[in-house]
Amino acid sequence: MAIKLPIYFDNHATTQVDPRVIDAMLPYFNEKFGNAASRNHAFGWVAEEGVEEARAQVAQLINATPKEIVITSGATESDNLAIKGVAAMYREKGNHIITQVTEHKAVLDTCKRLEKEGYEVTYLPVEKDGRINLDDLRRAITPKTILITIMYANNEIGVIQPIAEIGKIAKEKGIFFHVDGVQAIGKIPVDVQKDGIDLLSISAHKLYGPKGVGALYVRRKNPRVQLTAIIDGGGHERGMRSGTLNVPGIVGLGKACDLCRQEMAEETVKLSGLRDRLKNGIMGKLDETYINGSIEHRLPHNINISFAYVEGESLLMGINDIAVSSGSACTSATLEPSYVLKALGVGEDLAHTSIRFGLGRFNTVEEVDYVTGRVVETVERLRELSPLYEMAKEEGIDVSKMNWKTA
Ligand SMILES: *Cc1c(COP(=O)(O)O)cnc(C)c1O
């Protein structure tokens, strides 16, 4: 089968909209264009029906009820609403929030904002495998703790946190538990009951739906969570998030969730097979390559590998017909390596030469084999040019003690 270039292996950044999702959305741009808040005519009713069906589809994927689904513009907004909404509503009860260092910026920056407003935030460290230590969590809890916010799975390394265990601890202590579920929902089973989750952030464009739409699950009983809104006006979404609903987007979110629910089991087998083929293909041919984060507690479609003795930028340039992400922020204003890899204790050199491979629904085995070949050939070529690699191989010099940047 002919391969179409460039190849997309960056499915943690965003995903292609599934054609079946597009088909579901299309009527809501024209013949069903009504405002879902219009209560007096059929145009409004039809739009509202589409929204309510989508709400039920989202709820079903995570074992919630439709009334517990608040539509937002995406997971950044969901994270903000969950954290700021609980912080403001329960300020009398306490001002302490617990999170961890490898969260997405939507959580970390929200917490930093709250610190400026007088809240206290504990940022738990992670172990070498990328997971938090539950004893650290227990020790961090104080009588002032109102919220624990820990992501389900990390967007760089795909590492899955012990969510059900955290949910149990939160429940025992009477603390609300928010989870940024973006990377896990639709990919692995996420169940707000079994996992003890009180608030859950969802984004459509990470699960083959459209951009700019998402949801926040807000538990209604055992316990009931109340939120202070951050967007006022009109009282949509039971007062928690005002604004005219993005009906086509919401219908797309619902359809995307429905497809994930039906196809998850099969898709997991396919994607973990492709991922393992990629990992084994690359690591079987190249020495001095390292997997970042737990392999056991990991999303089926993620692998993040560091390549020693190559330069990060040269590596990315060498495989520029493949869309991946790197642990190096060289392309942005700073030269800082990924804060996620740093938190795992990965050295700067290996962080700069790490690559995140994010597989998805539309990837094929032919693409995996092509990418494997390109990566292996590029790393081998770069290492041939590397005096450090040669020294290490021939003379056994410990290059980790050398200054990499001047080399
Ligand atoms: C992409 C992502 C977000 C942000 O979601 P948007 O819908 O793009 O705002 C938040 N958290 C994680 C873990 C993500 O991967």
Side-chain angles (χ1 to χ4, degrees), residues 8-17 21 54 58 61-62 69-85 99-113 123 126 130-132 148-161 163 166 177-188 190 195 197 199-217 230-231 241 243 245-246 249-250 252-254 256-257 260 293 297-302 304 323-327 329 338-341 343 356-360:
Y8 192 73
F9 270 24
D10 202 15
N11 284 279
H12 299 290
T14 194
T15 54
Q16 183 188 328
V17 182
V21 170
V58 176
L61 178 61
I62 58 170
I69 305 300
V70 175
I71 301 295
T72 66
S73 65
T76 300
E77 187 189 333
S78 299
D79 287 344
N80 271 265
L81 176 57
I83 298 168
K84 290 175 181 166
T99 185
Q100 60 91 26
V101 290
T102 69
E103 290 295 310
H104 191 272
K105 290 286 183 188
V107 167
L108 292 177
D109 289 352
T110 301
C111 288
K112 278 192 203 128
R113 166 87 60 196
Y123 300 87
V126 291
R131 303 202 341 144
I132 65 159
I148 296 170
T149 172
I150 305 281
M151 70 199 326
Y152 215 111
N154 185 268
N155 44 296
E156 287 188 33
I157 51 178
V159 167
I160 299 167
Q161 296 288 352
I163 292 299
I166 300 168
F177 182 29
H178 167 248
V179 174
D180 178 333
V182 172
Q183 295 290 340
I185 295 167
K187 317 296 166 64
I188 57 172
V190 173
D195 292 332
I197 296 169
L199 297 136
L200 179 68
S201 299
I202 304 171
S203 179
H205 77 97
K206 305 284 176 83
L207 43 77
Y208 313 101
K211 292 167 186 62
V213 60
L216 180 66
Y217 157 78
I230 53 181
I231 298 177
R241 203 281 189 175
L245 292 179
N246 167 10
I250 294 163
L253 166 68
C257 286
C260 283
H297 304 285
R298 196 178 198 106
L299 294 172
H301 56 298
N302 170 285
N304 185 310
V324 288
S325 278
S326 91
S338 145
Y339 68 92
V340 171
L341 297 182
R356 172 184 77 179
F357 300 94
L359 298 168

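Residue numbers run from 1 in the order of the sequence given. Each ligand, and each atom within it, is numbered from 1 in the order the structure gives.
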Is the backbone of [Y] close enough, under 3.5 Å, to the side chain of [X] for a donor and an acceptor to pair up by distance?
X	Y	value
R131	V159	no
T149	T99	no
Q161	I132	yes

Report the part of N155 (side chain from C-beta onward, or backbone N, CA, C, O) that has a heavy atom under 4.0 Å from ligand 1; answer both or neither where that applies.
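Side chain only.
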
Do me a favour and list the nearest non-hydrogen protein atom to [atom] with residue, atom name and distance?
atom	value
atom 5 (O) of ligand 1	A75 CB, 3.2 Å
atom 7 (O) of ligand 1	S203 OG, 2.6 Å
atom 9 (O) of ligand 1	T76 OG1, 2.6 Å

Using a 4.5 Å cut-off on heavy atoms from C-beta on, say whether the side chain of N154 contacts that of Q183.
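No, every pair of side-chain atoms sits at 4.5 Å or beyond.
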
Hey, does V179 have a side-chain heavy atom less than 4.5 Å from the side chain of I166?
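They are not in side-chain contact.
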
With respect to Q183, determine whether any N or O atom, backbone or side chain, lies less than 3.5 Å from an N or O atom of ligand 1.
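N/O-N/O distance below 3.5 Å exists for this pair.
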
Geometry only, no angles: is E77 polar-contacting ligand 1 at N/O separations under 3.5 Å?
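So ligand 1 has no N or O lying under 3.5 Å from an N or O of E77.
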
Would you say K211 contacts ligand 1, with heavy atoms under 4.0 Å as the rule?
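Distance cut 4.0 Å: K211 fails for ligand 1.
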
Using heavy-atom distances, let me know which of H205, H104, M151 sits nearest atom 3 (C) of ligand 1.
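Shortest heavy-atom distance from atom 3 (C) of ligand 1: H104.
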
Does the structure place the NZ or CZ of K112 under 6.0 Å from the centre of the six-membered ring of Y123, at an angle of no more than 45° from the ring's axis?
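That pair does not qualify as a cation-pi contact.
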
Set out, in order, the CA-CA distance, both residues' side-chain angles and the distance that settles side-chain contact (heavy atoms from CB on, under 4.5 Å) for I163 and V190, then state yes or no.
CA-CA 10 Å; I163 292 299; V190 173; over 6 Å; no

Which of the numbered atoms in ligand 1 are below 4.0 angstrom from a heavy atom of K206?
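Answer for ligand 1: 1 (C), 2 (C), 3 (C), 14 (C), 15 (O).
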
